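Take a look at the structure set out below.
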Amino acid sequence: MKTAVEQLAIEGGQPVRQSLLPYGRQSLDALDMAAVAEALESDWLTTGPRVASFEAAFAAETGARHAVAVSSGTAALHAAMHVLDLKPGDEVIVPAMTFAATANCVLYESAVPVFADVDPDTLLVRAADAERVVSRRTRALIAVDYAGQPCDYGELADWARCRNVQLVADACHSLGASYEGRPVGSLARLNCFSLHPVKAITSGEGGMVTTDDPSLAERLRRFRNHGMAQPDSGRPWQSEQLELGWNYRLTDFQAALAASQLNKLGGWIERREQLAVRYDEALAELPAGRVLARQPGRRHAWHLYVVELELERLRVDRDAIVRALRGEGIGVQVHYRPVHMQPFYRNRYSTRPGQCPAAERAGKRVVSLPLFPSMSDSDQDDVVRGLEKVIGSYLK
Ligand SMILES: *Cc1c(COP(=O)(O)O)cnc(C)c1O
């Protein structure tokens with residue numbers, strides 16, 4: 001007979017934790033609050049001097065010549081697609097293992113997202129995956145640094161050059177990471193970031209695009225402001241609209257918050273690394289679970305710590321494991337249902353199962369464990385205890 005402690009919380013047992021530990025959360029301190037308060041007391045609420053100085057700091061951090069702040073990571077991706085001047089029917093290769101926004105941004109510009117499979121060990125897209133779906137209409141490839149590990153940008157850039165395809169990075173997971181010593185943000189022609197609260201640093205909602213190309217930077221600035229040219233210094237009272245843009249501006253008080261957060265990025269990535277090492281050690285003996293592979297020569301930003309369940313060794317599916325873990329107070333999440341398996345894409349674009357087998361297999365097995373800089377060692381010990389308890393009780 002099971003003891004009361006071993007009985008799963010969803011079956012009436014004692015949960016490992018009383019309160020739910022989220023998978024990710026922001027860290028805010030008094031310096032952040034003071035920076036926002038100071039911005040609110042200034043003359044600027046929307047885009048002003050704090051946006052410009054945050055952009056300069058972000059460009060310096062990522063080694064890019066230009067950084068253009070926008071209102072979300074999705075707006076950053078949309079802006080990147082826009083400045084590529086895609087025509088209807090042009091194709092953009094998107095890895096299936098990503099958030100829906102990576103593919104949606106292609107549709108916003110009336111082009112076609114074409115889904116590529118990923119490496120089953122890292123869940124990163126490779127040149128060989130892109131090669132399998134490239135066509136005469138392919139204009140761009142969006143590389144997604146899944147979980148915070150950079151893709152192989154050397155290989156992808158060579159492939160893109162050879163195929164005359166633009167390389168764009170969806171670096172929403174990987175701010176603070178690097179590839180062969182070069183920071184993420186300077187690895188693709190256009191690099192897109194999110195400043196959502198679960199990401200490395202936050203402005204509430206917000207995003208950024210980095211590029212080395214000054215003419216692309218100017219187009220990005222125009223796009224976030226209705227397609228209006230930068231005001232002419234001779235006639236600052238009259239704006240000139242040159243193309244169709246959107247209002248994707250970041251406010252000055254959001255920029256003040258993000259700039260204050262950026263000062264702490266290095267320390268936060270170190271804490272994420274420490275927690276990842278502790279998970280590695282604690283989970284080395286976990287039955288029926290394996291961690292994703294890491295590639296040499298890359299610094300991982302540890303946005304997510306992902307465990308892939310070995311379903312062959314379990315009596316239940318991944319969703320039952322997630323439900324039981326949440327019952328224990330462990331707020332695990334799933335990243336992601338592959339985008340081509342979303343009802344919208346299946347219904348409107350006739351994507352189908354079998355198209356991206358590695359992504360589909362992982363989509364049924366992955367679980368993201370709680371990981372954020374303010375998480376304590378004892379919070380992490382609860383996650384490990386919860387996993388051992390839940391997996392232990394569902395082993396075949
Ligand atoms: C968070 C995220 C986005 C979207 O960012 P938002 O700021 O929420 O719009 C896009 N792609 C990936 C991979 C993300 O993780």
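Both ligands and their constituent atoms are indexed starting at 1 by order of listing. A quick note: this is a predicted structure, and the numbers were derived from the prediction, not measured.
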Which atoms from ligand 1 have a heavy atom of [X] less than 4.0 Å away?
X      : value
Tyr336 : 15 (O)
Thr98  : 13 (C)
Thr102 : 11 (N)

At under 4.0 Å between heavy atoms, what of Val198 touches ligand 1? The answer is neither
Report the part of Phe193 in contact with ligand 1, treating N, CA, C, O as backbone and CB onward as side chain, heavy atoms under 4.0 Å; options are side chain, backbone, both, neither. neither
Within the structure, does [X] bring an N/O atom to less than 3.5 angstrom of an N/O atom in ligand 1?
X      : answer
Ser194 : yes
Glu205 : no
Thr74  : yes
Gly73  : yes

Tell me, please: is Lys199 in heavy-atom contact with ligand 1, that is, under 4.0 Å? yes
So does [X] pair up with [Y], basic N to acidic O under 4.0 Å?
X      : Y      : result
Lys396 : Glu312 : no
Arg50  : Glu38  : yes
Arg271 : Asp377 : yes

Listed partners of Tyr146 passing ring-ring contact (aromatic ring centres under 6.0 Å, His included), at least two apart: none
Nearest non-hydrogen protein atom to atom 13 (C) of ligand 1, with distance, is Asp170 OD2, 3.4 Å
Of Glu6, Glu328, Gln7, the one forming a side-chain hydrogen bond (donor to acceptor under 3.5 Å, both in side chains) with Lys389 is Glu328
Tyr349 and Tyr345 aromatic ring geometry - parallel, tilted or perpendicular at 30°/60° bounds: tilted
Any ring-ring contact (aromatic ring centres under 6.0 Å, His included) involving residues 370-392? Give me the pairs, sequence neighbours left out, ordered by first then second residue. none
Proximity of His78 and Trp246 rings by center, below 6.0 Å: yes
